[in-house]
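Below, chains carry the letters A, B, ... as their sequence lines are ordered, and counting in each starts from 1.
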Amino acid sequence: VITKSLKNMFEGFRTKGKLTDANIREGLKEVRVALLEADVNFKVVKDFIKNVSEKSVGEEILKSVRPEQQIVKIVQDELTALMGPSDPHINFSPSGPTIIMLIGLQGCGKTTMAAKLANLLRKKGRNPLLVAADVQRPAAVEQLRILGKSINVPVYSDEKASPPEICADAVAEASAKGYNTVILDTAGRLHIDQPLMEELAEIRKKASPNQIYLVADSMTGQDAVNSAGEFAGKLDLDGLILTKLDGDARGGAALSIKAVTGKPVKFVGVGEKIDDIEEFHPERMASRILG
Amino acid sequence: FRIRRKIDAEFLEELEEILIKADLGPKFAAKVISDMQRDYKDRKIEDSSALLAYLKEKFRANLRVRDTSLRFAPEGPTVILVAGVNGVGKTTSIGKLAWFFRNQGKKVMLAASDTYRAAAVEQLDLWSRRVGAEIVRGSQGGDPAAVAFDAVDAARARGAHVLLVDTAGRLHTRENLMKELGKIKGVISKKLPGAPHEVLLVLDATTGQNAVEQARTFKDVIDVTGLFLAKLDGTAKGGVVLAIVEQIEIPVKLVGIGEKQEDVEVFDPDSFVEGLFQ
Ligand SMILES: Nc1nc2c(ncn2[C@@H]2O[C@H](COP(=O)(O)OP(=O)(O)OP(=O)(O)O)[C@@H](O)[C@H]2O)c(=O)[nH]1
Ligand SMILES: Nc1nc2c(ncn2[C@@H]2O[C@H](COP(=O)(O)OP(=O)(O)OP(=O)(O)O)[C@@H](O)[C@H]2O)c(=O)[nH]1
Ligand SMILES: [Mg+2]
Ligand SMILES: [Mg+2]
């Protein structure tokens, strides 16, 4: 556990006298390893450590009574600030349906999250329509249909049309039938798949989503910045959703993705059931990453 | 990476960055570099390109230390149990393996032992039709071990050469789900001595250090015999398998390089190691 070991390390230094620049740099080496072990991106860690060491090697730290506590606090505060602020608020469209589009790599949890979001928003008084825009994965439409049925939310699908057409038609259907929230579940895809990345731009053009959320698996490693960077570059993201936080992955990818996209984490997935969706808490994520 | 360079601090820092970015993990990368520093002093390796070649050979050798071939039953059906955490590519990898064996003229059967997730059985069923394999299924929400039991029976009775058992995704931290997986394996071995002949853990190549925990726990519960590294067609390097091969002692046997049936390859240490440095 980094914060305990950081404190212990500084404790050892302190009994020998005052904390020095060298002591602090040594202690931060341990923070660096902890962050990398937590899968935070290499460059993001480099910038973070530089930032914290500049803040802690200052005069006031070295003169204070319990300097090691202060450094631990700086690390935690800095991480929390980077992860936050908490922002679960969705900017609903003032007129017409609010269209939410979910995108991301294969298997990160988009389809499950689409149903979770639909359920959450319906409990908050919205009238949602789920849209099965993944026509390439075997039984993807069926998966969303079954989930929709389990929460009594209708699912729009059309196995003969292309994803952009499906989404455009679904929005028209929603306007006609009075659904004020439309959730577009798209097929998982690689950020380096040009035609499929172009398809996302096409969906955006045809369906004009109000909110585009990048869904990411919290156990993603160093590659998180590559994929997130590409998705963010191709479309204007409005937010991030982290999934599978019920596992024991430290989730450093969250920090990397936040750093490279600059977008807020709106929600997190904490299990396979429909109710397993929570608001994001930056300070909890920060201490999870630190271990 | 500029070749023919002097081995200096800057070179070692650059090397550490490459290894960490390839998901080798900071501690594993640090050990690789300190071992390497000790070795090159002894061998008087003068430039960085020679050092790089030496390092790549070490990685290749480590990946080859365990048998990377699939184990088959001496007679009767070969049973392959496939497990892993949620969304890594188990069902798709089974579809690919089914195609792989069908292509060799083998009779293949699939067991839809994911009785939990929405449309999991439908997904596997579509794969069975796609590749021409039989499928054994139970009822939605039913006992997954019962499906495995029936499938082993059917595989033997109908002369299937290979039986691939699909299981629900489960986080290794869920004790009850890991117990359930242990039960599925237990039922298979009781039904057919020697089975399962292969226990494959599917890992997502984009996963970071948590893959080591996944490997450790799954091996403890169902004695994993091989890794199937899926989604290697992305930009993630999958370097975490080096630590898994060394510390958890499970060989990488197969890789997934796409979403189509033919996007499966037998693991090749040479091209994998080259990929780490690209
Ligand atoms: N434990 C856990 N499992 C999750 C979570 N979210 C999704 N899953 C599971 O992860 C797996 C993949 O979820 P999907 O919703 O199919 O993922 P997807 O992004 O739609 O996948 P593709 O459409 O193939 O790209 C399923 O087994 C889900 O039940 C979560 O927060 N925790
Ligand atoms: N690009 C790429 N995608 C893959 C690969 N293997 C699987 N996928 C995709 O990953 C997603 C999840 O695959 P599944 O086979 O449903 O994964 P799973 O482990 O069975 O998921 P659960 O049963 O829900 O735990 C699907 O969209 C697959 O097409 C691969 O090698 N490359
Ligand atoms: Mg999906
Ligand atoms: Mg599956």
Participant: Considering only heavy atoms and a distance below 4.5 Å, find which of B:N210, B:T173, B:V85, B:D233 pairs most often with chain A.
Facilitator: B:N210
Participant: Using only heavy-atom distances, determine whether the side chains of B:T206 and A:D223 contain a donor-acceptor pair under 3.5 Å.
Facilitator: no
Participant: Please check if the number of heavy atoms outside A:R145 that lie under 6.0 Å from its CZ is greater than 12.
Facilitator: yes
Participant: Which region of A:N226, side chain (C-beta onward) or backbone (N, CA, C, O), has a non-hydrogen atom less than 4.5 Å from a non-hydrogen atom of chain B, or is it both or neither?
Facilitator: side chain
Participant: B:K27 versus chain A, heavy atoms under 4.5 Å apart: side chain, backbone, both or neither?
Facilitator: side chain
Participant: Once you round to the nearest 0.5 Å, how far does NZ of B:K21 lie from CD of A:Q222?
Facilitator: 8.0 Å
Participant: Ignoring hydrogens, what is the shortest heavy-atom contact between A:I146 and B:A119? Give both atom names and the distance.
Facilitator: CD1-N, 3.6 Å
Participant: Is the shortest heavy-atom distance from the side chain of B:T235 to the side chain of A:E230 under 4.5 Å?
Facilitator: no
Participant: Find the distance between CD1 (B:I20) and NZ (A:K43) and round it off to the nearest 0.5 Å.
Facilitator: 14.5 Å
Participant: Does B:E16 come within less than 4.0 Å of A:R32, counting only side-chain N to carboxylate O?
Facilitator: yes
Participant: Got a second to check how far A:Q136's CD is from B:K260's NZ, nearest 0.5 Å?
Facilitator: 10.5 Å
Participant: Within residues 102-111 of chain A, which residues come under 4.5 Å of chain B, heavy atom to heavy atom?
Facilitator: A:L105, A:Q106, A:G107
Participant: Top residue by heavy-atom pair count (under 4.5 Å) with chain A, among B:A22, B:G89, B:A118, B:A29?
Facilitator: B:A118
Participant: Suppose we screen for ring pair (Phe, Tyr, Trp, His ring centres under 6.0 Å). Which residues come up paired with B:F59, at least two apart in sequence or across chains?
Facilitator: none
Participant: Once you round to the nearest 0.5 Å, how far does OG1 of A:T243 lie from CG of B:N86?
Facilitator: 9.0 Å
Participant: So which bits of residues 125-133 of chain B come within less than 4.5 Å of chain A, counting non-hydrogen atoms only?
Facilitator: B:L126, B:W127, B:R130
Participant: Which answer fits B:F28, side chain, backbone, both or neither, if we ask what part of it has an atom under 4.5 Å from a heavy atom of chain A?
Facilitator: neither
Participant: Please identify each residue that fulfils ring pair (Phe, Tyr, Trp, His ring centres under 6.0 Å) with B:F100, with sequence neighbours left out.
Facilitator: none
Participant: State, with a plain yes or no, whether a side-chain heavy atom of A:R137 is found less than 4.5 Å away from one of B:E259.
Facilitator: no
Participant: Atom CZ in A:F42, atom CG in B:D23: separation rounded to 0.5 Å?
Facilitator: 13.0 Å
Participant: Report yes if the side chains of A:D246 and B:L171 come closer than 4.5 Å at any heavy-atom pair, otherwise no.
Facilitator: yes
Participant: With heavy-atom distances below 4.5 Å as the criterion, would you say the side chains of B:R117 and A:Q143 are in contact?
Facilitator: yes
Participant: Enter the distance from A:M219:CE to B:Q214:CD here, rounded to the nearest 0.5 Å.
Facilitator: 5.0 Å
Participant: If you take all heavy atoms of B:Q123 and A:P138, which pair is closest and at what distance?
Facilitator: CG-O, 3.5 Å
